[in-house]
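Notes for the one structure printed next.
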Amino acid sequence: MGESSAARVGKVYELAREAYAEVGVDADEALERLTKVSLSLHVWQGDDVGGFERPDASLSGGGIMVTGSHPGRARDLDELRMDLREAFSLIPGQHRLNLHAIYGDFGGKLVDRDEIGPEHFESWVGWAKGEGLGLDFNATCFSHAKADSGLTLSHKEEGIRAFWMEHVKRCREISAFMGRELGTPCIHNLWIPDGSKDTPVDRWSHRRILRDALDEIYAAEYSAAEMKDAVESKLFGIGSESFVVGSYDFYLAYAIARGKMVCLDMGHFHPTESVGDKVSAILQFSDELLIHVSRGVRWDSDHVPILDDELRLLMAEIVRGDVMDRVHLGLDFFDASMNRVGAWAIGATAALQAVLMALLEPREELRQMEEGGKNFARLAMLERSKALPFGAVWDQHCLRSEVRTGRAWVEEIERYEAEVTAKRD
Ligand code: RNT
Ligand code: ZN
């Protein structure tokens, strides 16, 4: 940032600080707290969920789909790491990286899902150490011939089920290895695509089979200092419109009964249902929660998040409950219709901005109004909060974190595209 615009950001921030102080909010303290918020950036936005199992690997099946043909997707580990470094440089703060099993360093050999091990992720661990990043992990139960039927862990055929169980067991082992190596617990999240296009008559067997498979998978215990388990539900997918084995009811009940973490993906609920509302309910009974920050648009659950009401409510509820240390924030979206590094940066920025807005909420005043039954004043203040100079505080945060904002931020993404990713295809 040029000297004069840095000075302007500083000046505007001083005025903003005064405006917030007037409603009882300490903007400096909000920025201090924001610095500690860490997001887990999902590796799969960089290559459209392709992975590196085969040179031509691409997302298939599983009820998820990437659309768009913007050039420049990362084609190998080096390109992906380079893009990630660029993305991280555009996001203020210290964050984490979320890997999927298909992103192993397989050295050009075909390693099947039931054969992967920590050795395939050693180079990621080394890279993460160098970059100062913690790692999270996911089993990949899609884009594979043995998932083509639309069923994996809940498959009635023992052979198929055993294959996927072995995969997930190995993924937990890899997660523990990552957590141990990096000295920060690795969250292993499990999402499976299981379900059916049309109405089944036997929901019962699939859910019983899934419950038993999970119990067997989780029989191996790892220290919470190394790894933690999360299970992710879904409402429907492409080809699983009528039935999803791992529904929200299923996983919420499973997680509570078995002491696991539930993962709430913001795109996996009915459109009028709010993930923000669930935080204070689930955390009465569970220690921790994993969120997949995403944006549902009609049938798609994986659009790039923006600073919308859903995201704002979610972060507000986390901040109001003072549970930032119990809620893990992972990003989960994929969009191939725009610059991929830019998509990462926008989604991460929206998540952090929503946290900042929540931190800048005149909490005390609002609470007192609510206590006093002043419903009009509460609503008026909530509306007024929207007009407070939040952007000035964000810019100051970026300035302190040495991250560009505004047009310079967009231009940097365009520069990287012109010099690097546009030359790929
Ligand atoms: C799919 C789930 C899942 C995936 C990733 C790639 O609907 O949201 O989290 O997006 O595992
Ligand atoms: Zn998800």
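Just so you know, these numbers use all the heavy atoms, side chains as well, and skip hydrogens, waters and symmetry mates. For ligands, and for the atoms within them, numbers begin at 1 and follow the listed sequence. All figures in this text were calculated on a predicted structure; none of them were measured in a lab.
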Measure the distances from the heavy atoms of H268 to every atom of ligand 1 and state whether one is below 4.0 angstrom. yes

F334: numbered ligand 1 atoms lying under 4.0 Å from its heavy atoms: 10 (O)

For the Zn ion (ligand 2), find the closest N/O/S atom belonging to H292 and write down its atom name. ND1

Report yes or no: is the cationic atom of K260 (NZ for Lys, CZ for Arg) under 6.0 Å from the centre of the six-membered ring of Y218, at an angle within 45° of the ring normal? yes

Under 4.0 Å from any heavy atom of I64, which atoms of ligand 1 are there? 1 (C), 7 (O)

Near D265 (heavy-atom distance under 4.0 Å), the atoms of ligand 1 are 8 (O)

Under 4.0 Å from a heavy atom of H292: which atoms of ligand 1 are those, numbered in the order shown and with their elements? 9 (O)

Would you check if there is a donor-acceptor pair between the side chains of W44 and D332 at a distance under 3.5 Å? yes

Do the rings of F106 and H120 sit parallel, tilted or perpendicular, given the 30° and 60° boundaries? tilted

Any side-chain donor paired with an acceptor under 3.5 Å for Y13 and D28? yes

Answer with yes or no whether the side chains of D83 and Y416 bring together a donor and an acceptor at under 3.5 Å. yes

Consider every N or O of D332 and every N or O of ligand 1, then say whether any pair is closer than 3.5 Å. yes

Determine which of the N, O or S atoms in E232 is closest to the Zn ion (ligand 2) and give its atom name. OE2

Atoms of ligand 1 close to H100 [distance to a heavy atom under 4.0 angstrom, numbered from 1]: 5 (C), 6 (C), 11 (O)

For F243 together with F236, are the ring centres under 6.0 Å from each other? no

When the ring planes of H397 and W394 are compared, do they come out parallel, tilted or perpendicular, using 30° and 60° as the limits? tilted

Taking only heavy atoms of K234 into account, list the atoms of ligand 1 that are under 4.0 Å away from them. 1 (C), 7 (O)

Less than 6.0 angstrom separating the ring centers of Y222 and H188, yes or no? no

Residue D265 atom name (nearest to the Zn ion (ligand 2); N/O/S): OD2

Side-chain donor-acceptor pair present, T184, R96, cut-off under 3.5 Å: yes

Polar-atom distance check: E232 versus ligand 1, any N or O pair below 3.5 Å? yes

Taking the N/O/S atoms of D332 one by one, which is nearest to the Zn ion (ligand 2)? OD2

